[in-house]
Amino acid sequence: VSFDFPGDDLFNEDEEDFRTQFREWLWAHPPPPAPVRVDRSYLTIYRAWQAELAAAGYGALHWPIEYGGADRPVGHQIVQLEELARSNVDHTIFVNAFHMVGPLLMAAGDDAQRNSHLPRILRGEELWSLLLSEPDAGSDLASAKTIGRVDGEHLVINGQKVWTSWGHLADWGLLLCRTQPGTSNHDGLSLVMLKLNTPGIEVRSIRQMNGDAEFNEVFFKDAHASTRDVIGGIGNGWTTARTLLGAERTGLALTYYTSMIADLHKLLLRLKGTSNPELREELARVYTGVAIQRLTAFRACSAMRLGSPSLAVASVGKLQTGNNRRTLASLRIASLGAFAMLNPQDQSPHSEDMDVYLFSPSATIAGGTSEMQRNALAEGSLHLPREKRRQEAR
Ligand SMILES: Cc1cc2nc3c(=O)[nH]c(=O)nc-3n(C[C@H](O)[C@H](O)[C@H](O)COP(=O)(O)OP(=O)(O)OC[C@H]3O[C@@H](n4cnc5c(N)ncnc54)[C@H](O)[C@@H]3O)c2cc1C
């Protein structure tokens, strides 16, 4: 099945040529099929394919050439996302590395940090997790309590993080910690990179309601990180974290745009002959959401390329992502009829639908909740008075 988007004249001839060229490359280098659960064996296969993509110059279209990217126009980037979606590639696991850590290092890292990590990220050799949230610091990230005591050339880390996606698989983590004793809120924080196999780090998985265990709690007991791995300088962690959070929202909006296109294709295959008016109406609603998300993806990519990622565009994209993911997942279930009652663990042909459905509420929480995005838009774009709060929130 295929579908058209309104405004398909968004792409010029050059971008359509790129689509043909990239499609041919995908036929010649078929990506590994996306698994229901990402594990180490899939990761090994996916890393190898990512290395092929990078070697062909398609690794990070949005990165500048000096950092190993392709510096291609925004249209090429969207075209690539759409073609990856049509080939059912799930790039979500690398979203932290490509859309968050990479751009952060370009914006705030030093040469040694960039030279060490960017080429490895490009080849899929570094999988990253974000160690930001704590049991008492989620939306109000600035109340993070994890300590990073400066001891000569090291930070000695003690504390706990939670909801760390892929912490059990990742090679590296980006940690927000308090490096200046006696400070609170956004003062005295630092953002540091550390290897997750460092002694003193314990990763414990958290079982989710879809049966997966993609999240983790991470405990630190006298774990050492190098001060050379602090990004943006010791004590500047809040400023650096704000840059990261903008990139996080944009990255999630783009990555989930890709998966929504893939989901829409699957839904159309299932429902293409349906005369059920409710399903048709919901399908049109989902399609409209994805079409709007596409335009927001354009704007977000343009803002990133201009070097001024817009927090407002990022918040709009993140809000749409959350709503669209939930609507789409509900429609997948509605389209199944009685099969929707099967247990997702039953390995039925429909278990993926239930899996996606049970995971979908998380899209309005991860990367900053929908409430926090609305707060940001109310204050940043509508210029409403700031709400009273004890400290800065994500
Ligand atoms: C799928 C998923 C993946 C995640 N991955 C990671 C990860 O890799 N690394 C990481 O560090 N974290 C991760 N998180 C954690 C995520 O960032 C936090 O869950 C999120 O920021 C909310 O924080 P919290 O859970 O502590 O909720 P809280 O901040 O306690 O919020 C609880 C409720 O109160 C509302 N609320 C709070 N403050 C306000 C306010 N000022 N105004 C209005 N409403 C408010 C919130 O919107 C929410 O509904 C992930 C979460 C999910 C769901």
Could you verify whether a donor N or O on one side chain and an acceptor N or O on the other, from [X] and [Y], lie under 3.5 Å apart?
X    : Y    : result
D140 : S143 : yes
R285 : T327 : no
T364 : S370 : no
N276 : T274 : no
Q50  : Y58  : no
T146 : Q160 : no
E217 : T164 : no

Between [X] and [Y], which heavy-atom pair has the shortest distance, and what is it?
X    : Y    : value
R325 : S360 : O-CB, 3.9 Å
L122 : A54  : O-CB, 3.4 Å
T179 : L189 : OG1-C, 4.0 Å
S87  : L26  : OG-CD1, 3.5 Å
L155 : C177 : CD1-SG, 4.3 Å

Tell me whether [X] contacts the main-chain N or O of [Y] through its side chain, where contact means a donor paired with an acceptor under 3.5 Å.
X    : Y    : value
R207 : G211 : yes
E15  : N12  : yes
N185 : D187 : no
K318 : A366 : yes
D110 : A112 : yes
R228 : Q113 : no
N158 : D222 : yes
R23  : E83  : no
T243 : T239 : yes
Q80  : L61  : no

Problem set entry | Qualifying side-chain hydrogen bond (donor to acceptor under 3.5 Å, both in side chains) pairs with a residue from residues 330-339, counting only residues at least two apart or across chains | D263-R332, R270-S335, R332-E352, R332-D353
For this session: Taking the six-membered ring for Trp and the full ring for Phe, Tyr or His, determine whether the centres of H76 and H62 are under 6.0 Å apart.
Result: no
Exercise. So do W238 and L141 actually touch side chain to side chain, heavy atoms under 4.5 Å?
Worked result: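 In contact.
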Exercise. Are any non-hydrogen side-chain atoms of V286 and N324 less than 4.5 angstrom apart?
Worked result: no
For [X], ring pair (Phe, Tyr, Trp, His ring centres under 6.0 Å) partners two or more places apart:
X    : value
Y42  : Y46
Y67  : none
F359 : none
F98  : W63, H91

What pairs of residues pass the salt bridge (Lys or Arg N to Asp or Glu O under 4.0 Å) test when at least one of them lies in [range], not counting sequence neighbours?
range            : result
residues 361-375 : none
residues 47-59   : R47-D171
residues 190-202 : E202-R204
residues 149-166 : E134-K161

Exercise. Does W163 CH2 have over 12 foreign heavy atoms under 6.0 Å away?
Worked result: no
Problem set entry | F215, CZ atom: more than 12 neighbouring heavy atoms under 6.0 Å |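 Result for CZ/F215: enclosed.
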Exercise. In terms of hydrophobic clusters joined by side-chain contacts under 4.5 Å, are L268 and Y287 together?
Worked result: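 Hydrophobic grouping puts L268 with Y287.
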Exercise. Does one hydrophobic cluster hold both V203 and M193, with members joined at side-chain heavy-atom distances below 4.5 Å?
Worked result: no
Exercise. Is a salt bridge present between R19 and E82, judged by a nitrogen-to-oxygen distance below 4.0 Å?
Worked result: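 Answer for the salt bridge query: yes.
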For this session: Would you mind listing every ring-ring contact (aromatic ring centres under 6.0 Å, His included) that reaches into residues 121-144, with sequence neighbours excluded?
Result: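 Listed by first then second residue: H117-W128, W128-W172.
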Exercise. How would you list, by chain and number, every residue that makes a salt bridge (Lys or Arg N to Asp or Glu O under 4.0 Å) with R114, sequence neighbours excluded?
Worked result: D111
Seminar exercise, completed: Residues joined to M341 in its hydrophobic cluster, side chain to side chain under 4.5 Å directly or through other members, sorted by chain and number, are none
